[in-house]
Amino acid sequence: MNCGPTVCHRSIVLSTLSTLDVVLTTTHLCLIAAVLDDPMECSRGERLAITLAKEGINHVSNLSVMGKVEVDIFELLRDSEYETGDTMCQIISKGVLAVLGPFASPASDSVISNICGEKEVPYVRVAPEDMLRARFPRFSPLDLHPTNTHISLAVVALLSFFNSTSACLLCARVDCLMNLEQLLRQFLISKETLTVRMLDDSQDPTPVLKEIRNDQADTIIVDASVTVSHLILERASELGMLSVYYTYIFTTMEFSLLQLDDILVERYVNILGFSVLNHSHPYFSDLLLSLNRSWQENCEHAPFPGVPLSPALLYDAVHVVVSAVRELNCSQSVGATQLTCQSPKIWEHGTSLMNYLRMVELEGLTGHIEFNSKGRRFNYTLRVLHSSSEGLKQLGEWHSEHGLSMESDVHLLNVAGSVFNATLTITTILENPYVMLRPDHQALAGNERYEGFCVDMLRELAQHLHFSYRLQLVADGMYGTPGPNGTWTGMVGELISRKADLAIAGLTITSEREKVIDFSKPFMTLGISIMYTAHMTRQPSYWSFLDPFSPGVWLFMLLAYLMVSCVLFLVARLTPYEWCSSEPCLQGRCKLVLNQYTLGNSLWFPVGGIMQQGTAISPHALSTRCLSTVWWFFTLIIVSSYTANMAAFLTIQRMEVPIDSVDDLADQTTIEYGTMQGGSTMNFFQNSQYETYQRMWNFMHAKQNSVFVTSTEEGINRVLNSNYAYLLESTMSEYYRQRNCNLTQIGGLLDTKGYGIGMPLVQCKDRNTLHPFKMTTIIA
């Protein structure tokens, strides 16, 4: 708006050094001072942004109306209150309309704020809000940087959207808790869990990240600079904490400057942050192009992947001051006054200009710019960004007045995308027949070294869900048991510490394990059984063919044989039909008759029937035929029974065991019994309230040095080579019993449970969660 001639600053020649203040009247000049902490070599581009803003304004403005805009730049070599005070005395002596402050010098920022407040010279602050340093009560500065309250509310809205009921706040700055006060208040009101971790003076985040991993926190809020944030992500990557099981939310407004190409290995990692930059502004591409050209000339490589925040804020700050001066000149003529630090005199137009500054509304490189009565920015938007190896993607926006608004397709980041084309680390343990080493495993590498039921199942899952995997054996060779300090061993411990994404083996689903890890639906149902060796009644001998019948049966068969032979001899002698001539004439005696059932033949004829071979002797009389038929039918039954029993005795050896049930095992002390050390079977007896199982646990605990084994193979060898009973899952028992006939199962199953695929425990989210899917729905 042009309202007439404007005098922003009139330069004069001071007649004496004692002159304290003179209104300048000779040349139209709008003078602004900028105190920068940006180095000259390979800088952030703050000087370039100020120059572009100044040249743009002077190019489009009517110099006869507005006057030429000039910005004097003062460089801070260090964040020193004394040196900054001396610089400010030089600045106010030049007669400036406003001062633009440094971005990363909190001590200097406080000095500038106090001196400008004392002299009523408007101060436009671009640095983050510093809660530790009090604002000048009477003449507060104008804040272009998003406020800490708004940043806290944006983080709270993001946590609420993703249903995060607990989180960990990782602080790298001493004023972290004061800056994020609203975040802390929200957790206090909602009674949800927020753990606070502080980096020590060494700024090494590794110990803190290990504590967070042990606490099983999956949402980490990081309040740190870009440099420290990058270091935190580097250490997190080394600890295996950059995966779909963790969500990182960064509070820095320069989140877009995080270079993660050399850190991110997995495609889907939940790293979220905010940005206030307005990429659609017509001069944003010009600033980026100028910065890249400057970095190419002055730097070996570009120090930033995009536009830093401070150049954009300073660009907007110049436009804000010029816009306010232009509006103020509509009502009064503004004259700059030369002031000194020794004089109590203030600038008479400072209050008016500050009021007009608070009324400025414009669209800048950092979005919509508008201030409240306290000089704080409001009615603006923060872009919610998600960073991955594929670059930045905007998920939504948070508005200071309307809250969070997310894109409709945010849910695409969870279930389907979390494992698609991802590489998962699978922890397992060698256990026949689930995971075994191939016979030629030494000549193979990677996953090809392993075979077994679980390996085949994993291969099918990978093909169905389109992910790759890397099998690794658990370091301590255990399934997982809780320790005295709450830690877990084995595969369960590796899942808790996020060293592995899945645990695939004969891992039993128990209520105690389900408290610390997740399980899929059971892929196999089983129970605990007792394995023991079977003792043979006697060793096979040359007379084993007599075993199918008892001695009494053999005796009665012999008596029956003799009785039938005698009766057959007598009947054949009595009946006339068994007497006949063997030939027509024998030696001239044609009427000579013979009986074929002699005593010898009578004894031989039943033998032919028993042996199922028959003889040349055939009965002729009805009586002898009836007797022979009865004997043949008797021998048919006897031979069939003998054949069946003999086949059974030759294939199945008679075995006997001294115990028949779990109660028999618990009531004796001769036979030792035990389980695998650190397995679910041991935990079952340890936690059981059943009296019999408690007595068995007391027995095993008293002899724990001798009854517990480290592997199933060791337990089987003890069963075969000593007086020992091994308690194990029924599926494993069946596998080994089918391969060794000397093993047997005692009684039935002691319980019922299942094998499942283990995965790290994550909080239950709705469809908008960034956490990975629970494989329960897939495996089912």
Side-chain angles (χ1 to χ4, degrees), residues 37 79 101-113 123 125-137 140-160 164 167-190 192 194-201 203 205 208 212 219-232 248-258 272-276 308-310 313 366 371-372 374-378 380-385 398 400 403-404:
D37 52 11
D79 188 17
F103 182 74
S105 302
S108 300
D109 175 77
S110 177
V111 172
I112 297 172
S113 176
Y123 173 42
R125 172 188 283 154
V126 297
E129 188 177 2
D130 190 356
M131 303 299 294
L132 292 179
R133 301 182 185 274
R135 301 166 64 92
F136 195 82
S140 59
L142 202 70
D143 284 323
L144 265 177
H145 194 281
T147 64
N148 294 327
T149 298
H150 288 161
I151 295 174
S152 297
L153 294 177
V155 173
V156 170
L158 205 56
L159 293 174
S160 176
S164 295
C168 178
L169 176 59
L170 179 55
C171 296
R173 295 183 278 231
V174 294
D175 55 351
C176 168
L177 298 182
M178 296 185 64
N179 293 339
L180 301 178
E181 179 183 358
Q182 288 298 325
L183 175 64
L184 301 178
R185 289 181 181 273
Q186 181 64 29
F187 273 90
L188 290 175
I189 294 173
S190 62
E192 295 173 348
L194 177 66
T195 306
V196 179
R197 300 284 184 182
M198 300 289 296
L199 292 184
D200 55 20
D201 295 336
Q203 293 292 298
V208 177
I212 295 175
T219 302
I220 304 173
I221 305 168
V222 181
D223 184 62
S225 64
V226 174
T227 303
V228 178
S229 298
H230 189 273
L231 178 62
I232 290 173
Y248 293 86
I249 301 177
F250 291 86
T251 62
T252 176
M253 288 295 101
E254 293 189 304
F255 175 74
S256 58
L257 300 184
L258 275 177
L272 306 176
F274 304 96
S275 175
V276 74
L309 180 59
S310 60
L313 290 174
T366 59
F371 303 94
N372 59 17
K374 296 182 179 180
R376 290 185 174 93
R377 191 170 174 179
F378 80 105
Y380 63 97
T381 299
L382 296 179
R383 297 166 56 227
V384 181
L385 302 178
W398 180 88
S400 60
L404 185 65

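All figures in this text were calculated on a predicted structure; none of them were measured in a lab. Nothing fancy with the numbering, it's 1 onward along the sequence.
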To the closest 0.5 Å, what do you measure between [atom1] ([X]) and [atom2] ([Y])?
| X | Y | atom1 | atom2 | answer |
| --- | --- | --- | --- | --- |
| Leu272 | Tyr248 | CG | OH | 12.0 Å |
| Ile249 | Ser164 | CD1 | OG | 6.5 Å |
| Ile151 | Leu382 | CD1 | CG | 7.0 Å |
| Arg125 | Ser110 | CZ | OG | 8.0 Å |
| Ser140 | Lys374 | OG | NZ | 9.5 Å |
| Thr252 | Leu258 | OG1 | CG | 7.5 Å |

[X] versus [Y]: any side-chain heavy-atom pair under 4.5 Å?
| X | Y | answer |
| --- | --- | --- |
| Val156 | Gln182 | no |
| Ile112 | Pro102 | yes |
| Phe274 | Val155 | yes |
| His145 | Leu309 | yes |
| Tyr380 | Ser400 | yes |
| Asp109 | Phe103 | no |
| Leu159 | Ile221 | yes |

### Message
Any side-chain to backbone donor/acceptor pair from Asp175 onto Asn179? Under 3.5 Å, distance only.
### Response
no
### Message
Main chain of Asn148, side chain of Glu129: is a donor-acceptor contact present, judged purely on distance under 3.5 Å?
### Response
yes
What are the two closest non-hydrogen atoms of [X] and [Y], and how far apart are they?
| X | Y | result |
| --- | --- | --- |
| Ala224 | Ser229 | O-OG, 3.5 Å |
| Val228 | Ala172 | CG1-CB, 3.8 Å |
| Val276 | Thr381 | CG2-O, 3.9 Å |
| Pro308 | Leu257 | CA-CD1, 3.8 Å |

Would you please name every residue forming a side-chain hydrogen bond (donor to acceptor under 3.5 Å, both in side chains) with [X], sequence neighbours left out?
| X | result |
| --- | --- |
| Glu254 | Arg44 |
| Arg377 | Thr366 |
| Arg173 | Asp223 |

### Query
Considering residues at least two apart in sequence or located in another chain, which fulfil the side-chain contact (heavy atoms from CB on, under 4.5 Å) criterion with Leu184?
Leu169, Leu177, Leu194
### Query
Considering residues at least two apart in sequence or located in another chain, which fulfil the side-chain contact (heavy atoms from CB on, under 4.5 Å) criterion with Pro205?
Leu199, Leu209, Leu231, Ile232, Arg235
## Note on the structure
Contacts of Cys168 meeting disulfide bond (SG atoms under 2.5 Å apart) (sequence neighbours excluded), chain-then-number -> none
### Query
When the ring planes of His150 and Trp398 are compared, do they come out parallel, tilted or perpendicular, using 30° and 60° as the limits?
tilted
